Amino acid sequence: MLAFCNVTKRFGNITALDDVSLEIAPGEFFGLLGPNGAGKTTLMSLAAGLRTPEAGTVALDGRPVASGASAARRALGLVPQTIALFPELTADENLRIFGELQGLRGPELRTRIDEAFTAAQLTDRRHSLVKTFSGGMQRRLNLVAALLHRPKLLLCDEPTVGVDPQSRNAIFEYLQRLNRGGVTIIYSTHYMEEAARLCSRIGIIDHGKILALGTLDELLVQLPFEDEITFPVDPATAPLVARLAAEGEITAVDGMHRFRPRTGYPLSAFFALTESLNLPPRLFVSQRPTLEALFLHLTGRTLRDA
Amino acid sequence: MFWRAKAAVAITFLVPIVLIYLFGHVFGLYRKDSGPVGIPIAVVNLSQEPAALKLIEALKAEKAFRVITTRDLGNGATRPLTEADVRAGLHDNWYRYALILPADLLPDDAFGVRMKFLFNPRNEIEAQTVNGLLQKTVFSNVPQLLGQSLQKRARRFLGDERFERFNRTIANTLADNFGGDREKIYQQAISGDLGFSELNRTEAGKTPAPPPGLRRLDAAPAPNGPDAQSQSSKLEGQKSAAAPPQDQKSSTDIFSQMVKIETEQVAGKEVKNPMAARLVGGYAIMFLLMAVSASATTLFEEKNSGVFQRLLSSPVRPAHILWARFLFGVILGLVQITALFCAGRVFFGLDIFRHAGALFAVALSAAAACSAFGMLVAAISPSAAAANGISTFVVISMSAVGGAWFPVSFMPDYIQTVSKFTLVYWSVEGFTDVLWAGRSLLEVLPTIGILAGIAAGVMAVAVWCFNRGKLFD
Ligand SMILES: Nc1ncnc2c1ncn2[C@@H]1O[C@H](COP(=O)(O)OP(=O)(O)OP(=O)(O)O)[C@@H](O)[C@H]1O
Ligand SMILES: [Mg+2]
């Protein structure tokens, strides 16, 4: 549906996107995971035809987006990273303007706006000025404003920044519902949990390069370990640490020991060991490795302080 | 950060200094002699009196005036102006003041001087100043005229022969008793130089007031003036005229009784408060420029907020955004001008309905020019803050130079030239044309055309800058 082919985008001497090739299939929920300045917004703006690349092509359904006719533009919706609304107008007026600019009129526009307010859970505030909204409310409105014309491709640039967990869940469910309804979604974020939870396929981006691409499972097998066990740094666990050193990689992070067993090391052996040392099971958290770990593995940095 | 702050500080200090300097120029502070310069004034001379020519010379010598006495007939030929000429000229605003020296400048039937002052009071300050300057010039030449008037009457009263003999005798007596050339004294007497001119040259306060009558003869050898004065008083019994003034001021008072300047306001007769038209028009344009610039700078907010991204990812194109903003500026401008003129109507009784069509056309073209200006400011500025700075600076300078506050004709020549390049000048011109001179739509079409041209030109540059600039990057 959307194809990036050897795309390079520069701002002065900053290379925001460096020879990116990427293909998004119809119906995908694609996650773009990367730290600040990775090039996520740049990629989104190229996809939306707001910018033209210095090299390479961006094509939507086989047609270049930059020269896109208005039909092509109607096929996509962009949720900008910033709150792209008129703060001095009411929520309702905002949606009416954006709907009309998308060519919607009359009763159709009205129903779409009603749906949008329901989805954003803002129906009771629809006649308030946008500037009186909380940050999270503005985010929700910012999202639904891009959906009035029911685009086939939705570009969400970090749509959940500053949204509380409850609203965030509501947004996730709404997006997943849309995706099930056939809308292709590209979702950029620097929260690995979001990407892991929502996306059918994930691209990890840093310094303008796609470092890894695939489903969550495909990505995680790139790590040289399958599980990760954490437990507190404590005199009681000290003997355990000494015994585990031979069985894998063990590091101390933020007052916690992190144990990544070598391939083939059975978890049963680990728990037998803890039992023999009289350590209660509740001290131990076993989990699959995270995208965070993958990012660290790929870049040598964590997502947060990248 | 430091450099930025430094630049900001520099601007806060520099801008006022530059503005003050500019205003200095506008108000002509850098000229040694402040005051208006080169205000065109038409003079029609229908009189045969030599003193009339002298008066015209005096007017020409006055820096405040640019005296026009002839009409260009094309192919280099000229002819003296007629009253009909100047009335047309006044109406068409070629000049705003005209002085008519009638055939009976020195009427036969009465003692005194007669002239007619026609004016088109496009602005009150200027009209008052011109009036004052004109009076000053006329009155400093009045003694001559009066002398002529007296001699003329004397000649009529005595008959040519006796009049001549009388003057000769006086001259001879004077020459015999006090020395001097008989012929010269005679000529002076006959030309009516009664010594008033001498008297006028003595500045009030500096030299003691000249004593009345013959006592002045004692004080100064061979000034035939006072003698002729007493002579005339004998002849005519014009005691008030003959009594030499105690000082300049009282002399002017006396003269003003004898000088009959008939004043006639030629255009804009119905305007109740002539100053209001300029005031309202000028301020309307200034505030309009400010509002429109502010409106144009919201382009930056919209860009930063991402509204542009949202719009541009929809079927909306950059040109749509620019033209919508321009159009919004025009509408905003029209509403604002309308509101201000309605206020002008309420407060000053401006007649805004008589030429509503022409007024609307001027307002529309002015609003378009202002809106285009706002777009240009946004186009050339890197940020909203810069746009605000630039627009404040340019709007204030342009309003000052363009005559929104202060008649352009008071400004030095070079500023007057500069002001013709400002849209403020043409807007104010358009408004005063309609509201003051009561021009019709057809008559103000050139001004509207210039404003529309400014709007189109400025908008073209603005669009060009936008396309090259960062706004849609
Ligand atoms: N308009 C611009 N002018 C100059 N440089 C830019 C511009 N937009 C982006 N960049 C640069 O391009 C790089 C990628 O920026 P981009 O906005 O795409 O990052 P991002 O992944 O969206 O980051 P964030 O998570 O902070 O939103 C950065 O180094 C940024 O400084
Ligand atoms: Mg971004």
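Below, chain A is the first sequence line, B the second, and so on; all start at residue 1. Predicted model only: the values in this text are computed from it and were never measured.
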Can you check whether Gln102(A) reaches Pro315(B) side chain to side chain, under 4.5 Å on heavy atoms?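 Result yes, sub-4.5 Å side-chain heavy-atom pair found.
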
Would you mind reporting whether Arg310(B) and Asn142(A) have side-chain heavy atoms less than 4.5 Å apart?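 Touching, per the 4.5 Å side-chain cut-off.
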
Looking only at heavy atoms and a cut-off of under 4.5 Å, which of Gly77(A), Ala145(A), Gly103(A) has the most pairs with chain B? Ala145(A)

Can you tell me how far apart [atom1] ([X]) and [atom2] ([Y]) are? Round to the nearest 0.5 Å.
| X | Y | atom1 | atom2 | answer |
| --- | --- | --- | --- | --- |
| His149(A) | Ser314(B) | NE2 | OG | 7.5 Å |
| Gln309(B) | Met44(A) | CD | CE | 11.0 Å |
| Leu101(A) | Leu311(B) | CG | CG | 6.0 Å |

Does atom CZ (Arg63(A)) have a neighbourhood of more than 12 heavy atoms from anything else shown, all under 6.0 Å?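 No, the 6.0 Å shell around CZ holds no more than 12 heavy atoms from other groups.
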
So which part of Glu302(B) gets closer than 4.5 Å to some heavy atom of chain A, the side chain, the backbone, both or neither?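 For Glu302(B), the side chain is the part near chain A, not the backbone.
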
Leu85(A) versus chain B, heavy atoms under 4.5 Å apart: side chain, backbone, both or neither?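 Backbone plus side chain of Leu85(A), per the 4.5 Å heavy-atom cut-off to chain B.
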
Heavy atoms only: give me the nearest Leu76(A)-Ser313(B) pair and the separation to one decimal.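 Closest approach of Leu76(A) to Ser313(B), heavy atoms only: CD1-O, 3.9 Å.
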
